[in-house]
Amino acid sequence: MMQRALLRRFTPSLRRTFSTVEESAAAGMTLNFNLPHESIYVGAKVDQVIVPGVAGEYGVTADHVPLVAQLKPGVLQILHQGTAEAEKYFVAGGFSITHPNSTTDISCPEAVKIDDIDSASVTAAFEAAKSAFSSAEAGSQAAAEAQIDMEVNKAMAFAVGVSLA
Amino acid sequence: MSTPTTFWRIAGMSYTQYVTRAATAVRNGLKEPAKTKALQHETFSYNAASWEAGKIGPKKQVNKLTNAGISV
């Protein structure tokens, strides 16, 4: 009898500590986006970040499950608060770490604006890398470097709407 | 490490070597003037100096460690 009375007095406060979905979504997530030579965003409040992970692209919003992902060469999209159009960067690789407190740290060795990509130079570099790969010894460093060039240039071409094979 | 699974590991590259190579590929695929500005991010050089009888000699700028007589 006494225990049931105590429980009734304590459970309402327990219910009040859970935040509502609308509250956390409105609070947004915090983004830290850093390169070795430049800090693009430090503590920026954004709505969503779409991350190009090696296992696939995924979107991060507030209260996302903590996650560490290696990035593949691809497009990183940042949706700022109240905007419909994402800000895009082409990243060369790196890591994205999402913490339990809705903060995401993204570190990349290089990130460029999609508008700065030269589709002609990227297509030429892809073709050169393709022939270097076919002429290199399988499993050698030269073959691996050619494969990296192929992968990166193919992704850059895709980002500007050119599909290479 | 256990059995390498990525092509760059199998070829004997480290992650750092792989990602810096990818970054170089990205920088080379840019339009001017963004390309020149980006290529500056990857240039580096060293100052090499010889010590004699506890005193440092003149500093010389080298862009490769092998040019300073250091075997890599």
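We name chains A, B, ... by the order of the sequence lines, and we start the count at 1 in each one.
A salt bridge does not link A/Asp115 to B/Lys31: none of the charged nitrogens lies less than 4.0 Å from a carboxylate oxygen.
When each of A/Val122, A/Asp149, A/Val91, A/Leu35 is scored by its heavy-atom pairs under 4.5 Å with chain B, the top score falls to A/Asp149. Here B/Arg27 is the residue among B/Met13, B/Lys35, B/Arg27, B/Gln17 with the most heavy-atom pairs under 4.5 Å with chain A. The choice from A/Thr123, A/Ile148, A/Ile117 that makes the most heavy-atom pairs within less than 4.5 Å of chain B is A/Ile148. Interface summary for chain A: among B/Asn28, B/Ile10, B/Val19, the most heavy-atom pairs under 4.5 angstrom belong to B/Val19. Each of A/Glu110, A/Gln70, A/Gln141 has some count of heavy-atom pairs under 4.5 Å with chain B, and the biggest count is that of A/Glu110.
In this structure, the portions of B/Tyr18 lying under 4.5 Å from any heavy atom of chain A include both its backbone and its side chain. Heavy-atom distances place both the backbone and the side chain of A/Pro109 under 4.5 Å from chain B. At a 4.5 Å heavy-atom cutoff, A/Glu38 makes no contact with chain B through either its backbone or its side chain.
Between A/Phe33 and A/Val49 the shortest side-chain heavy-atom distance does not fall below 4.5 Å. For the pair A/Leu76/A/Leu71, no side-chain contact is recorded, criterion being any heavy-atom separation below 4.5 Å from C-beta on. In this structure the side chain of A/Pro36 never reaches within 4.5 angstrom of the side chain of B/His41, judged on heavy atoms.
Seen from the ring of A/Phe90, A/Lys113 does not count as a face-on cation partner, given the 6.0 Å and 45° thresholds.
Between the side chains of A/Ser39 and A/Asn34, a donor-acceptor pair is found at a separation under 3.5 Å.
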